[in-house]
Amino acid sequence: MALSSVLRGECADFSGRSDRPFAFGCGLDRTELGFASEPGDGPSFAVKSALYPDTEEGPERKIEFLHGTTTLAFKFQHGVIVAVDSRATAGSYIASQTVKKVIEINPYLLGTMAGGAADCSFWERLLARQCRVYELRNKERISVAAASKLLANMVYQYKGMGLSMGTMVCGWDKRGPGLYYVDSEGNRVCGDLFAVGSGSMYAYGVVDSGLRHDLSVEEACDLGRRAIYQATYRDAYSGGVVNLYRVHSQGWERVSQDDVLKLHLQYREDRA
Amino acid sequence: MALQDVCGFHDTPAYPRWNTPALLSLPVGDTILHIQRGIGSSMYDFGKTSGNALELYVPVLDYLSQSPINFGQIASNTLPSHPPLFQSPTPLSPSCLPVSIPLLSSPVPPSPFVPLPFPLSHGTTTLAFAFQGGAIAAADTRSSCGGLVACPASHKVLPVHSHMVGTTSGTSADCALWKRILARECRLYQLRHRRRLTVGGSAKLLSHMLHPFKGTELCVAATLCGWDGEVEGGTEDKLAAEGTQDGGSANESGTSPAAAARVPAWAPGPRLCYVCSDGTLLKGGLFSVGSGSPYAYSVLDAGHRWELSVPEACSLAREAVFRATHRDAYSGNCVDLFHITARGWRRRAREDLKEEYYREKERERERVEERRRERGRVEERK
């Protein structure tokens, strides 16, 4: 991985095998397993700005949709709802239907994964380490803003080198629920609602229609589940199960895991 | 064709550019085919016409990767030239090529991360669906030209004849012209044969008319939406009865694509067909076209049922367009709604979405107030 060759100091176990993509032992040695749905040889998740400078045309830049997945997070009065699908694709091959795309950074912070699975899980584990160090030094929990800033600064150093990561850092700190979107291009944005991935557009439609600040917990969970289900219905690169988490003042809890087929049958029954 | 004779090429793939024997200047896509010819054959065997099965081109793959039509992104991003991977004409044996050559040699898709869910060009949001009360066609009214809103009040839903409208997406000039041509042809058909052309028939007609322009810059993606009614003779009542019976028994199956199956082909009812200038012709019960269509699709999928009432269907269509305009930069301004029934199409007043946005904020505020009052009352009673 490009990452391993760059990080020679920090990870002693990646011993300079930068020529071979990290195959995850699944035998597809020319594709890298991840949530990107384009096969590439190793670190070829080309960051647009670096590798294709002549195709950008200023304000007429193309709309860029990241990564074959659907992840969604929104704030409401009782915290933050995080909903994700669980499909990993390598080109048109569905590599797995049971991927965990929510990373538990620490008992009160969650991160979602979109993009390269390796990049996301590696950087978020590094973030977990940094958060713990902060906690030990300052004797208080790190805020969501600070955690997302740490992550953004870490990946910014590798900007243009082919990292592919679009993550949402969600948590609850003394300012209330916190939600930040951080990606490998260096964006770090605070907001009330984010959806990332190829199915994000489908999810946005549903969440926009139903989102209100004063939703009850049950309603918010249903909304998140519905949004991911609608995205998996239309997007080929999303599917599997819907994993739903909620972050509240005491930390995060895993609310449910529902197979999208079961949801499909349930919604159809509700309609009839 | 003359070119064919020059190359000694007799089986004709559809597009003249595949016939050029100039190996060095070949678009990279063509080199796939040489490699697939098998071990030992050199690239210079190109001109032979042995009727070998391996000479069968796969034009689809190459066409899709080299279409001059800017499917993909809204801004023009046709990569001017593919990086020439094969510089020298040395005969290549397949063994020295990596297995993934088709992927390496295809030009980079617009987004290097993920192929788009479907070609997302056409800065617009149009949608159409069928339900028990007829068909609804809705569209936004923004015409954009790159980053400029060229016209905030354009018409994207154009009537074709008394019982059919077409939503348009793509280049607005092309769409307007072709709709008029289609309307003319439908009218001529009606005069000659004394009955209206069905939606499926007009879709096929439009598709055939657009076919000669395939591969050019013409860009039209239309959803023809109408009511097929007239059946010859006195069998209409009987067929209508059968149609409703089938509709009743099909109720249990319940998914929206089955809506088209509920109304058998010979029975009167709403119909939808999607026609595209690249040759696609699809029949179905629900379509949405344009850059805002993913946003609209999810709202429509969540709310669409065959049994919707007319006001519910109109508000669903309006909500779907509103959500799409909320998120998509290339859609906006107002929404046009057409409702087609057995009596013909009817146009609803054009609604400005800005007002809809404020109305929704107001409604939400009232709902929050209402819920707070409810909770207060419940607390009091306890």
Side-chain angles (χ1 to χ4, degrees), chain A residues 30-31 35-41 44-48 51-52 54-57 59-69 89 91-92 115 164 166 197-210 212-214 226-227 229-231 233-237 264 267-269 271-272, chain B residues 72-80 98-100 103-104 108-118 120 146-147 251-256 288 291-307 319-320 322-324 326-330 360 364-365 367-368 371-372 375:
Chain A
R30 61 180 173 86
T31 61
F35 306 135
S37 31
E38 189 198 27
D41 34 336
S44 69
F45 301 122
V47 174
K48 206 160 49 102
L51 299 188
Y52 303 101
D54 37 344
T55 58
E56 288 203 339
E57 290 155 10
E60 299 214 6
R61 200 165 311 174
K62 324 154 206 170
I63 299 173
E64 185 183 52
F65 301 116
L66 291 175
H67 325 305
T69 184
T89 49
S92 62
S164 163
S198 58
S200 63
M201 300 171 283
Y202 305 102
Y204 270 126
V206 176
V207 180
D208 282 338
S209 304
R212 293 188 312 274
H213 183 78
D214 68 336
R226 184 96 206 203
Y229 159 72
Q230 290 298 142
Y233 183 72
R234 285 282 174 185
D235 180 31
Y237 299 106
H264 175 75
Y267 290 134
R268 218 173 57 178
E269 244 177 64
R271 247 196 310 206
Chain B
Q73 298 296 353
I74 288 138
S76 76
N77 64 337
T78 39
L79 300 166
V99 177
S100 57
L103 297 164
L104 281 181
V108 179
S111 159
F113 303 97
V114 149
L116 295 168
F118 43 82
L120 278 181
N251 249 340
E252 278 82 342
S253 51
T255 48
S256 55
S288 176
S291 59
S293 60
Y295 309 102
Y297 263 128
S298 56
V299 176
L300 282 175
D301 286 336
H304 179 259
R305 288 183 334 263
W306 181 257
E307 300 82 19
E319 174 79 3
F322 177 54
R323 290 297 153 207
H326 182 58
R327 286 283 173 184
D328 179 36
Y330 295 98
E360 180 174 336
E364 189 179 317
R365 215 174 317 165
R367 247 181 284 155
V368 171
R371 280 156 72 105
R372 201 160 342 140
R375 251 175 269 139

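Below, chains carry the letters A, B, ... as their sequence lines are ordered, and counting in each starts from 1. No experiment lies behind these values; they were computed from the predicted model shown.
- Panel note: side chain B/Arg323, backbone A/Val207; no donor-acceptor pair is recorded below 3.5 Å.
- The heavy-atom pair separating A/Met201 from B/Tyr295 by the smallest distance is O-CD2, 3.0 Å.
- For B/Arg327 (side chain) and A/Tyr204 (main-chain N/O), no donor-acceptor pair under 3.5 Å exists by modelled atom type.
- When the candidates B/Ala324, B/Ser298, B/Ala320, B/Ala296 are compared by the number of heavy-atom contacts under 4.5 Å with chain A, B/Ser298 comes out ahead.
- Separation of atoms CG (A/Asp214) and CD (B/Glu364) is listed at 7.5 Å; rounding is to 0.5 Å.
- Residues B/Ala302 and A/Arg271 share a closest heavy-atom pair of O-NH1, 4.3 Å.
- In terms of the salt bridge (Lys or Arg N to Asp or Glu O under 4.0 Å) criterion, residue partners of B/Arg365 (sequence neighbours excluded) are, by chain and number, B/Glu362.
- B/Asp301 CG to A/Tyr229 OH: the interatomic distance, rounded to the nearest 0.5 Å, is 7.5 Å.
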